Amino acid sequence: MSTAIPDAPSHFIKDIINEDMKSNKHKGRVHTRFPPEPNGYLHIGHAKSICLNFGIALEYGGKCNLRFDDTNPSKEEVEYVDSIMDTVRWLGFDWEDRLFYASDYFEQLYQYAEHLIKTGNAFVCHLSADEIREYRGTLTTPGRGSPYRNRSADENLDFLRRMRAGEFPDGHCVLRAKIDMASGNINMRDPVIYRILHMPHHRTGDAWCLYPMYDYAHPISDAIEGITHSLCTLEFEDHRPFYDWVLDRLPVPCHPRQIEFARLNVNYTIMSKRKLLQLVQDHLVSGWDDPRMPTLAGMRRRGLTPEAIRDFCDRIGVAKVNSTVDVALLEHCQREDLNKRAPRVMAVLHPLRVVLENYPEGQVEWFDAINNPEDPDAGTRRIPLTRELYIEQDDFREEPPPKFYRLAPGREMRLKHAYIIKCTNVVKNDRGEIVEVRCTYDPGSRGESGRSVKVTAHWVSAAHAFDAEVRLYNHLFTKENPAEEDDFRASINPDSLQVLTGCKVESCLASAAPGSRYQFMRQGYFCADLMDAAPGKPVFNRIVSLRDEWAKIAKKMTIA
RNA sequence: UGGGAGGUCGUCCAACGGUAGGACACAUGGCUCUGGACCAUGGUAUCGGGGUUCGAAUCCCUGCCUCCCAGCCA
């Protein structure tokens, strides 16, 4: 297969691959893998890795495997396996027939362990966990060799086989690589490569009672699968010498190159699986798929599109510096995507009743409305106007501040697709609250009348409006970096979720299909909730708001 | 006082010895039957100090700062 070297904007990993292609290091082959541990839900940080690994394979005409790093049965569950596969697929990637599990290689891994023993590169150690830690030394002082370090190969083999046979309880002994207790790199101070764990595995059942450590299983798994470039995050940089050490001492089919890049951080959220789990367990969110969560399941539920997420991952770049990307970029990507393809509809979130005093009672007039000005193929629909309608409360001010161009007593505003109206009066209740606005409409302002006013607002005919629930989401946290707070939970945004009921929407939304997305004109992009929306009972999640010039002006004025 | 990695606009990423550029964000203006979208314009950056060079973000020396590592987690 011909694999042209792409001249698209590069990053340091592609630079490396380009050089390997030039030197024909892997015979023109590019093979990556995405290796999640099935111990939690995927989040936006994983999306970066998924897009990188699958993206590179696509770009170079190579392959990318999905491999579950399931070497620790105490933390892993099939539930996570299923959700991970579902999410990767949803994101738009295909591992074809290359679904693998590190546990597929348990036997091979074990055989290689015997090989390591036979070649004098590993030994069974009977030190306790505490003793191993003590013997390991510290960051600044070298460690000491285990007293079991120089056992004979036969003795080691015998112990390893008995470990496998289940003769010893958990923690009784471990298999360790024999490297260098004085190394400045602590990962090289005779790291543990096998531990005893009498625990059933979600795939291998109770076939095993000893399980390989990640550092040992990973390089071998990569080699078995013929991976050429093994991409991982920065914290594994220190592990690379061991990765290479293992592959250099075993008769593996190839020696992949590990390359480390910076993991993704996004402001106003957290990425740690542990903290995310805490939010779920403490019921601070509704679950892993709470639309405010940075999990891909949450984003999906919220209505974010895979296209936008992939675009975001393309734009954030790949480098070795720890960095935090502004969530505004994600929001931008999402708006850009939906602007092209989301049908426009009118939905009044905070309804204010308007009566057109000079509009005939009982009359219904239909107007053509363009579904999407950005997409000529999106067509039009018909919307009804009657004497009574709803507009947004924010679109009316009894005492308009400067730069407020919307409706106010004596002022005009256009109803989108219909007439210009003028406020003549305000009706208030006993408490002095505005409950209704009286207007007249200008019958001559229909269509291309030439008359223009400063603002055009969305509205819905009262007689035709349908009630909907709308959920407005904001950043889950008020702090840019919640993780560095003493207690990240204290910075949860109390306004991160606002549930609105009795919103008035166009009747075409009454049975919006779950997952369908719309632009609610002048407000934002919304998605019919996957779980709670039902025919006749519409529920919408705000994916992202539209940019709001007036909000900025208003904010500036209150600050000033 | 161990080992590893890294410091470029507010943020993220480029520039690979030859005019520091893009995106987002921000600001100003234009346009608009979405205060959306779109268009135009603008400001702000090479961690510090030496050196090499006609020329340094890039090479060398030195200092400073940040991140990661002492799981039988990944």
Side-chain angles (χ1 to χ4, degrees), chain A residues 9-12 15 35-37 39 69-72 74-76 125 127-129 132-134 136-143 170-176 182-189 191-197 210-211 213-215 217-218 232-241 260 262 264 267 273 315-333 335-336 339-340 344 346 370 373-374 403-406 414-418 420 445 447-449 451-458 519-524 545-553:
Chain A
S10 202
H11 50 67
F12 80 100
D15 289 346
E37 182 188 14
N39 70 342
D69 233 316
D70 54 351
T71 56
N72 185 354
S74 71
K75 295 188 172 181
E76 296 149 8
C125 180
L127 250 24
S128 70
I132 286 183
R133 189 180 313 118
E134 193 194 322
R136 187 153 36 222
T138 70
L139 292 178
T140 50
T141 59
D170 288 3
H172 180 76
C173 56
V174 293
L175 182 69
R176 291 226 255 168
S183 172
N185 182 347
I186 289 179
N187 296 298
M188 299 299 269
R189 319 239 262 229
V192 172
I193 58 180
Y194 266 101
R195 78 288 215 182
I196 297 173
L197 227 48
L210 79 172
Y211 293 93
M213 300 287 289
Y214 164 89
D215 276 339
H218 206 84
C232 65
T233 43
L234 251 29
E235 67 269 27
F236 291 104
E237 217 150 16
D238 286 345
H239 299 234
R240 179 159 25 99
E260 309 85 13
L264 170 66
N267 58 8
K273 270 191 197 174
R315 293 207 209 190
I316 56 178
V318 180
K320 296 194 68 136
V321 243
N322 282 306
S323 59
T324 301
V325 174
D326 193 340
V327 67
L329 180 61
L330 212 210
E331 295 169 350
H332 169 82
C333 293
R335 289 190 191 105
E336 193 172 77
N339 177 49
K340 289 180 303 202
R344 273 59 169 171
M346 298 199 284
I370 292 170
E374 308 288 327
K403 303 239 178 107
F404 184 88
Y405 304 136
R406 281 113 99 141
R414 181 178 283 279
L415 299 179
K416 179 73 185 174
H417 305 304
I420 293 172
S445 62
E448 305 295 317
S449 66
R451 210 152 88 71
S452 92
V453 290
K454 205 92 172 160
V455 164
T456 299
H458 59 283
Q519 184 197 91
F520 288 2
M521 292 194 96
R522 303 206 301 145
Q523 310 201 80
S545 67
L546 246 28
R547 296 186 71 215
D548 188 346
E549 200 65 28
W550 166 244
K552 273 188 208 170
I553 295 168

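Everything quoted here is computed from the prediction, not taken from an experiment. Keep in mind that the numbers below use all heavy atoms, side chains included, and drop hydrogens, waters and symmetry copies. In what follows, chains are A, B, ... by sequence order, proteins preceding strands, each numbered from 1.
In this structure, A:Met213 reaches the sugar-phosphate backbone alone: every heavy-atom distance under 4.0 Å involves primed, P, OP1 or OP2 atoms, never a base. Looking at heavy-atom distances under 4.0 Å, A:His218 makes no contact with the nucleic acid at all. A:Glu237 comes within 4.0 angstrom of the backbone, heavy atoms only, and of no base. Within the nucleic acid shown, A:Asp238 comes within 4.0 Å of at least one base atom, counting heavy atoms only. Using a 4.0 Å heavy-atom criterion, one finds that A:Thr141 contacts no nucleic acid atom at all. No contact: A:Arg240 has no heavy atom under 4.0 Å from any strand. Looking at heavy-atom distances under 4.0 Å, A:Asp69 makes contact with sugar-phosphate atoms alone, never a base. Among the heavy atoms of the strands lying under 4.0 Å from A:Ser128 is at least one base atom, whether or not backbone atoms are also near. Heavy atoms of A:Ile553 sit under 4.0 angstrom from at least one base atom. Nucleic acid contact class of A:Lys320 (heavy atoms, under 4.0 Å, all strands): sugar-phosphate only. The residue A:Pro35 sits apart from the nucleic acid: no heavy atom pair falls under 4.0 Å. If you check every strand for non-hydrogen atoms under 4.0 Å, A:Val453 touches nothing. Within the 4.0 angstrom heavy-atom criterion, base atoms lie near A:Leu139.
An anti base is found at B:G30: its glycosidic angle is more than 90° from 0.
With sequence neighbours excluded, the residues forming a salt bridge (Lys or Arg N to Asp or Glu O under 4.0 Å) with A:Lys320 are A:Glu237, A:Glu260, listed by chain and number.
Relative orientation of the A:Phe236 and A:Tyr214 rings is tilted, given thresholds of 30° and 60° on the angle between their planes.
Taking 4.0 Å as the cutoff to heavy atoms of chain A, we find the contact window on RNA chain B bounded by B:G2 to B:A74.
The separation of B:G10 from B:C26, taken at their C1' atoms, amounts to 8 Å, rounded to a whole angstrom. The C1' atoms of B:G29 and B:G63 are separated by 47 Å, rounded to the nearest whole Å. Remark: the separation of the P atoms in B:C47 and B:U66 is 16 Å, to the nearest Å.
Counting only heavy atoms from C-beta outward, the side chains of A:Arg136 and A:Ile132 approach each other to under 4.5 Å.
Paired regions of RNA chain B, where each region holds three or more successive Watson-Crick or G-U pairs whose two hydrogen-bonding distances fall under 3.5 Å, are B:2-7 with B:64-69, B:10-13 with B:21-24, B:26-30 with B:38-42, B:47-51 with B:59-63.
Ranked by how close their nearest RNA chain B nucleotide is to the 5' end, A:Gly171 and A:Val321 are led by A:Val321.
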